[in-house]
2 protein chains.
Amino acid sequence: MSRSRYPSPCPVSMLMEVLSGPWTMYLLWVLSTNGPTRFGALKRRIEGISTKVLTERLRMLEQEEILYRHYEPTVPPQVTYGLTERGQELVVILDQLNDLALRWYTPLPDEHSPSERCVGLASAPTVSPAPTVSPAPTVFK
Amino acid sequence: MSRSRYPSPCPVSMLMEVLSGPWTMYLLWVLSTNGPTRFGALKRRIEGISTKVLTERLRMLEQEEILYRHYEPTVPPQVTYGLTERGQELVVILDQLNDLALRWYTPLPDEHSPSERCVGLASAPTVSPAPTVSPAPTVFK
DNA sequence: CCTATTAGTTACTTTAAAGTGTCTACTTTA
DNA sequence: TAAAGTAGACACTTTAAAGTAACTAATAGG
């Protein structure tokens with residue numbers, strides 16, 4: 001449970017391991033653009049994620065001190081997640097990756113397009129049919 | 001084959017998808033520190049990787065124009081791989097991630113430790129026994 | 001009194017990715 | 001004559017990760 005089957009003495013590898021996997025980056029993204037958010041709200045925003053995986057990701061990122069978990073013992077309970085200082089640091093670099101990605105993967109539609117931050121985020125993986133012009137799935141593997 | 005089961009209209013997600021997975025970052029690392037390298041040499045440096053996965057990664061990164069493949073039709077053939085301009089751009093950012101990772105995951109042994117670049121790279125995943133004090137596995141998941 | 005809500009947990013199934021091993025062509029060298 | 005080296009391709013097996021679905025506690029509200 002510590003960190004997958006490949007022990008990583010190489011720091012950057014450890015970090016990449018944390019960030020790899022479906023939903024993780026998107027989750028950080030959502031938190032960085034929306035601020036602290038409750039579990040249910042996260043699940044609703046990250047359309048298509050299962051509670052299981054969402055929980056897994058949150059727990060893992062919490063353990064890495066990239067985000068925090070605030071539990072309010074009301075009934076029903078309210079649990080809020082937000083970026084820690086580490087999370088903020090990370091997002092700064094991810095922003096740069098985003099700039100790169102925009103340059104590489106955006107067909108530059110016309111001209112002066114403002115370097116936006118991950119536009120077009122929408123839904124999620126669909127194992128199902130949906131071959132129609134449905135809302136474009138988002139999030140990487 | 002295009003890009004896994006999760007189509008990604010979000011640029012940063014597409015990029016992360018490319019960089020995720022075992023060996024990929026380490027491979028880029030090796031290429032950035034050693035310069036253009038031949039297939040066999042790569043396989044020898046990235047101890048533990050299978051030819052299958054190495055080939056897969058190389059092909060994928062070539063398709064992404066992050067590295068190039070130079071085929072010399074001698075006998076036996078010589079194939080050299082190296083970073084493209086994109087690859088170089090990427091490495092710059094990965095360096096920053098590395099700095100972060102060093103700060104986060106290095107127990108700062110004594111004092112003024114020079115922010116080195118991914119030290120301790122050694123071998124690889126071992127499904128096998130090797131519970132002895134063998135060379136520490138490297139590379140992330 | 002029955003239902004909805006929140007934030008999960010647990011067990012089971014499915015699947016994509018990685019591992020493993022064998023095979024190739026062509027020439028040089030022992 | 002046999003072996004070795006290069007850069008893979010291909011088929012088959014294994015496994016970890018993700019998906020799916022059912023279930024929980026405690027209270028408020030109709």
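Note that these values count all heavy atoms, side chains included, but never hydrogens, waters or copies made by symmetry. Bear in mind that the values here come from a model prediction, so they are computed numbers and not experimental data.
Using a 4.5 Å heavy-atom threshold, the side chains of Leu19(B) and Leu90(B) count as touching. Between Met16(A) and Met16(B), the closest side-chain pair of non-hydrogen atoms falls below 4.5 Å. Contact of the Val12(B) side chain with the Asp95(A) side chain is not registered, since no non-hydrogen atoms from C-beta on lie closer than 4.5 Å.
Computed from coordinates, the Leu54(A) CG to dA17(D) C1' distance equals 16 Å when rounded to whole Å. Rounded to a whole Å, the NZ atom of Lys43(A) is 14 Å from the P atom of dT9(C). The interatomic distance linking Glu47(A) (CD) with dG19(D) (C1') rounds to 16 Å, in whole Å. The separation between Leu42(A) atom CG and dT6(C) atom C1' is 13 Å, rounded to whole Å. If you take CD of Glu56(A) and P of dT10(C), they are 12 Å apart, rounded to a whole angstrom. When rounded to the nearest whole Å, the span between CD1 of Ile46(B) and P of dG19(C) equals 12 Å. Atom CD1 of Ile49(B) is separated from atom C1' of dG8(D) by 14 Å (rounded to the nearest Å).
The shortest distance between the side-chain N/O atoms of Arg38(B) and the OP1/OP2 oxygens of dA7(D) is below 4.0 Å.
Applying the side-chain contact (heavy atoms from CB on, under 4.5 Å) test to Glu85(B) and every residue at least two apart in sequence or in another chain returns nothing. Taking the side-chain hydrogen bond (donor to acceptor under 3.5 Å, both in side chains) definition, one finds that Arg57(A) meets it with Thr24(A), sequence neighbours left out. In terms of the salt bridge (charged side-chain N to carboxylate O under 4.0 Å, His left out) criterion, residue partners of Glu89(B) (sequence neighbours excluded) are, by chain and number, Arg103(A). Under the side-chain contact (heavy atoms from CB on, under 4.5 Å) criterion, Glu62(B) pairs with Arg59(B), Leu67(B), Arg69(B), sequence neighbours left out.
The side chain of Arg57(A) approaches dA18(D) more closely than any other nucleotide in the set dT6(D), dA18(D), dT6(C).
Of all the residues in residues 68-79 of chain A, Arg69(A), Pro76(A), Pro77(A), Gln78(A), Val79(A) reach under 4.0 Å from DNA chain C with at least one non-hydrogen atom.
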When you compare the protein's N or O atoms with those of nucleotides 9-14 of chain D, which come within less than 3.5 Å of each other, and at what distance?
unit_1	atom_1	unit_2	atom_2	d
dA9(D)	OP1	Arg59(B)	NH2	3.2

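The same ILVMFWY cluster, assembled from side-chain heavy atoms under 4.5 Å apart, contains both Tyr26(B) and Val91(B).
Base pairing analysis places dA30(C) opposite dT1(D); the two distances defining the Watson-Crick or G-U wobble pair are each below 3.5 Å.
Between the side chain of Thr84(A) and the main chain of Glu65(A), a donor-acceptor pair closer than 3.5 Å is present.
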